[in-house]
Amino acid sequence: MVLLVPRQIRMNGMTGSVPYYGGRLTPAQAHAAAHPPQRPPAPPRRDPVAALDELLGQGVITRAEYDELRARVGS
């Protein structure tokens, strides 16, 4: 059993991003704590005008919606 320690009473010298108090870690738990999951890369930012053009071409938005949104983009 692993008991998490609140930040207010965390002791100096505790290693890792998840402090624990007492108990034992299995090898799998120790490996998981030492290797936190990687975040997926952020998607590339698209040109908003090109995205609006695509939505208009696919019929997702009307010409009036396109004009309103295009005015907000300002480019």
Side-chain angles (χ1 to χ4, degrees):
M1 180 166 119
V2 176
L3 301 175
L4 297 179
V5 178
R7 195 175 272 170
Q8 294 85 350
I9 59 173
R10 181 183 293 179
M11 297 174 61
N12 288 337
M14 292 185 112
T15 59
S17 61
V18 180
Y20 67 93
Y21 176 74
R24 295 180 183 241
L25 296 178
T26 66
Q29 290 170 321
H31 179 77
H35 300 87
Q38 298 290 326
R39 287 187 179 183
R45 291 189 48 88
R46 291 186 60 189
D47 177 34
V49 175
L52 285 174
D53 291 341
E54 185 177 330
L55 291 174
L56 180 64
Q58 293 174 353
V60 176
I61 59 175
T62 65
R63 174 54 82 172
E65 292 170 323
Y66 174 85
D67 293 337
E68 178 186 338
L69 294 170
R70 181 77 167 78
R72 288 189 197 176
V73 172
S75 307

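Here, residue 1 is the first one in the sequence, and each next residue gets the next number. From a predicted model like this one, the values you see are computed outputs, not experimental measurements.
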*Asks:* Rounded at 0.5 Å granularity, tell me how far CG in Leu25 sits from NE2 in His31.
*Replies:*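 Output value for this atom pair is 13.5 Å.
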
*Asks:* Kindly compute the distance separating CD (Glu65) from CG (Leu52), expressed to the nearest 0.5 Å.
*Replies:*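 Result: 10.5 Å between the selected atoms.
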
*Asks:* Taking side-chain contact (heavy atoms from CB on, under 4.5 Å) as the criterion, tell me which of Leu55, Val49, Leu56 meets it with Asp53.
*Replies:*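 Going through the options one by one, the only one that passes is Val49.
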
*Asks:* Please give me the minimum heavy-atom distance between Pro48 and Val73, naming the atom from each residue.
*Replies:*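 Result for this residue pair: CG-CG1, 3.9 Å.
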
